[in-house]
Amino acid sequence: MKKTVVFLLILFSINVQAQHIRGFIGLGSYRDTDFNNSVFGSANIGVEFKVVRVFRPEIEIGVMYGTLETLTNYTPTGLVESIFERKTSAINYSFSPKIYFADPEDSDSSLFIRPRYTYSRVFGSTELEKRNPSELSKPIVEKKSAKTWDQSIDIGIGVSFNFSEKYYHSVDLILYYNNINLGDALNTIESKRNINTNGTLGLGLLVYFGGEINN
């Protein structure tokens, strides 16, 4: 992971033909009712390469994180007997052959499609905290964790807005159809309940920073 981040930062700092290479950062939010507040989030960093005017492939590294709904059991008298919490996350390495419907440099806004192949390291963990009858101040805690590799293909569609007259800066608003399964590792710990985030919808924001425009 450290080597990938260094590689992206090196590409981001290149000044030669800077108008053909742009770095970007982004955030995302996805809806799934198994998670607290029905959402899980993402953050990413990457580089866009201008091959031709409308074809600009991207590579990126990102993380996803979510806490699933906490389960609390009570005794007949109303005391907390146990608390069960599940968490999941992923490190994602992605390639996206991004295609614009028109040259984004010719107008203030432009539509695009962003198919994406992702190779993910998925992490899952559970924690069960139970009431200790013999010593109430020291609950019994049981922890489990697992990790798996996963790969997926998903797609995003969106619109890009230029926000600088001097630099190749822009911001993208994206609607994602996500196929990264955050439940992949967690399901190896818990066989009774299957968590699957394939086919979830999300919203993303990407901010691009490019070189100076040559007039």
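- Under a hydrophobic clustering in which Ile, Leu, Val, Met, Phe, Trp and Tyr are joined whenever their side-chain heavy atoms come within less than 4.5 Å, directly or via other members, Val159 and Val171 fall into the same cluster.
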Practice item. Apply side-chain contact (heavy atoms from CB on, under 4.5 Å) to the pair Leu128 and Val141, showing each step before the final yes or no. Key: CA-CA 6 Å; Leu128 175 62; Val141 179; over 6 Å; no

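- The hydrophobic cluster containing Phe24 also contains Phe112, counting ILVMFWY residues as joined when their side-chain heavy atoms lie under 4.5 angstrom apart, directly or transitively.
- Under the 4.5 Å side-chain heavy-atom criterion for ILVMFWY residues, a single connected hydrophobic cluster contains both Ile155 and Phe55.
- Contact detail for Gly156 and Tyr176: the closest heavy-atom pair is CA-CD2, 4.0 Å.
- Close placement of the Phe35 and Phe40 rings is indicated, their centers lying within 6.0 Å of each other.
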Exercise for review: Step by step, work out the side-chain hydrogen bond (donor to acceptor under 3.5 Å, both in side chains) result for Asn178 and Thr200.
Suggested key: CA-CA 5 Å; Asn178 170 67; Thr200 54; 3.2 Å; yes

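- A donor-acceptor contact closer than 3.5 angstrom links the side chains of Asn194 and Asn187.
- With contacts defined as side-chain heavy-atom distances shorter than 4.5 Å, the pair Tyr100/Ser160 qualifies.
- Closest approach of Ala146 to Thr188, counting heavy atoms only: CB-OG1, 3.3 Å.
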Exercise for review: Give the C-alpha distance, both sets of side-chain angles, the deciding distance and a yes or no for side-chain hydrogen bond (donor to acceptor under 3.5 Å, both in side chains) between Thr118 and Ser120.
Suggested key: CA-CA 6 Å; Thr118 302; Ser120 304; 5.5 Å; no

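- Side-chain atoms of Ser96 and Pro57, non-hydrogen and from C-beta on, never get closer than 4.5 Å to each other.
- Ion pairing between Arg116 and Glu58 fails under the 4.0 Å rule for side-chain N and carboxylate O.
- Comment: Asp154 does not engage Arg114 in a salt bridge, judged by the lack of any side-chain N to carboxylate O separation of less than 4.0 angstrom.
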Exercise for review: Step by step, work out the salt bridge (charged side-chain N to carboxylate O under 4.0 Å, His left out) result for Arg86 and Glu127.
Suggested key: CA-CA 6 Å; Arg86 297 169 294 168; Glu127 180 175 313; over 6 Å; no

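- Between the OH atom in Tyr119 and the OG atom in Ser152 there is a gap of 11.5 Å [rounded to 0.5 Å].
- Between Asp108 and Phe163 the shortest side-chain heavy-atom distance does not fall below 4.5 Å.
- Between Glu85 and Lys143, no side-chain nitrogen of the basic residue sits less than 4.0 Å from a carboxylate oxygen of the acidic one, so the salt-bridge criterion is not met.
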**Study point:** Verdict with reasoning, Ile59 to Ser94, per side-chain contact (heavy atoms from CB on, under 4.5 Å)
**Key:** CA-CA 6 Å; Ile59 57 173; Ser94 303; over 6 Å; no

Practice item. Mind running side-chain contact (heavy atoms from CB on, under 4.5 Å) on Ile83 and Thr70 for me, showing each step along the way? Key: CA-CA 7 Å; Ile83 299 175; Thr70 301; 3.5 Å; yes

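- Within 6.0 Å of atom CG in Leu71, more than 12 heavy atoms from other residues, nucleotides or ligands are found, so the atom counts as buried in its surroundings.
- Counting all heavy atoms, side chain and backbone alike, Asn198 lies closest to Asn179 at OD1-O, 2.6 Å.
- Phe161 is connected to Phe101 through a chain of hydrophobic side-chain contacts under 4.5 Å among Ile, Leu, Val, Met, Phe, Trp and Tyr, so both are in one cluster.
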Practice item. Before giving the answer on salt bridge (charged side-chain N to carboxylate O under 4.0 Å, His left out), spell out for Lys98 and Asp172 the whole-Å C-alpha distance, their side-chain angles and the decisive distance to 0.1 Å. Key: CA-CA 12 Å; Lys98 186 177 183 182; Asp172 287 2; 2.5 Å; yes

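- Listed for the Asn37 side chain is no donor-acceptor partner under 3.5 Å among the backbone atoms of Val39.
- Using a cutoff of 4.0 Å between basic side-chain nitrogens and carboxylate oxygens, Lys147 and Asp184 are not scored as salt-bridged.
- Taking both residues in full, the closest heavy atoms of Leu182 and Ser89 are given as CD2-C, 3.8 Å, listed atom of the first, atom of the second, then distance.
- For the pair Arg22 and Glu48, the salt-bridge criterion is met [side-chain N within less than 4.0 Å of a carboxylate O].
- Here the side chains of Asn92 and Met64 are in contact, with some heavy-atom distance below 4.5 Å.
- Asp34 CG to Leu68 CG: the interatomic distance, rounded to the nearest 0.5 Å, is 6.0 Å.
- In this structure the side chain of Ile21 reaches within 4.5 angstrom of the side chain of Val47, judged on heavy atoms.
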**Study point:** Criterion side-chain contact (heavy atoms from CB on, under 4.5 Å) on Leu173 and Leu203, from CA distance to verdict
**Key:** CA-CA 7 Å; Leu173 299 177; Leu203 294 175; over 6 Å; no

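- Nearest heavy-atom pair across Asn162 and Ser107 is ND2-O, 2.7 Å.
- Both Ile99 and Tyr177 belong to a common hydrophobic cluster when Ile, Leu, Val, Met, Phe, Trp and Tyr are linked at side-chain heavy-atom distances under 4.5 angstrom.
- A salt bridge links Glu142 to Lys130: at least one charged side-chain nitrogen sits closer than 4.0 Å to a carboxylate oxygen.
- Val63 has its side chain out of reach of Asn44: every pair of non-hydrogen atoms, C-beta onward, lies at least 4.5 Å apart.
- At least one side-chain heavy atom of Ile61 sits under 4.5 Å from a side-chain heavy atom of Ile45.
- The side-chain heavy atoms of Phe123 and Ile91, taken from C-beta on, include a pair separated by under 4.5 Å.
- Note that the CD1 atom of Ile140 and the NZ atom of Lys138 stand 12.5 Å from one another [nearest 0.5 Å].
- Taking the six-membered ring for Trp, Tyr117 and Phe95 have ring centres at least 6.0 Å apart.
- Taking each heavy atom of Ala102 and Ser110 in turn, the nearest pair found is O-CB, 4.2 Å.
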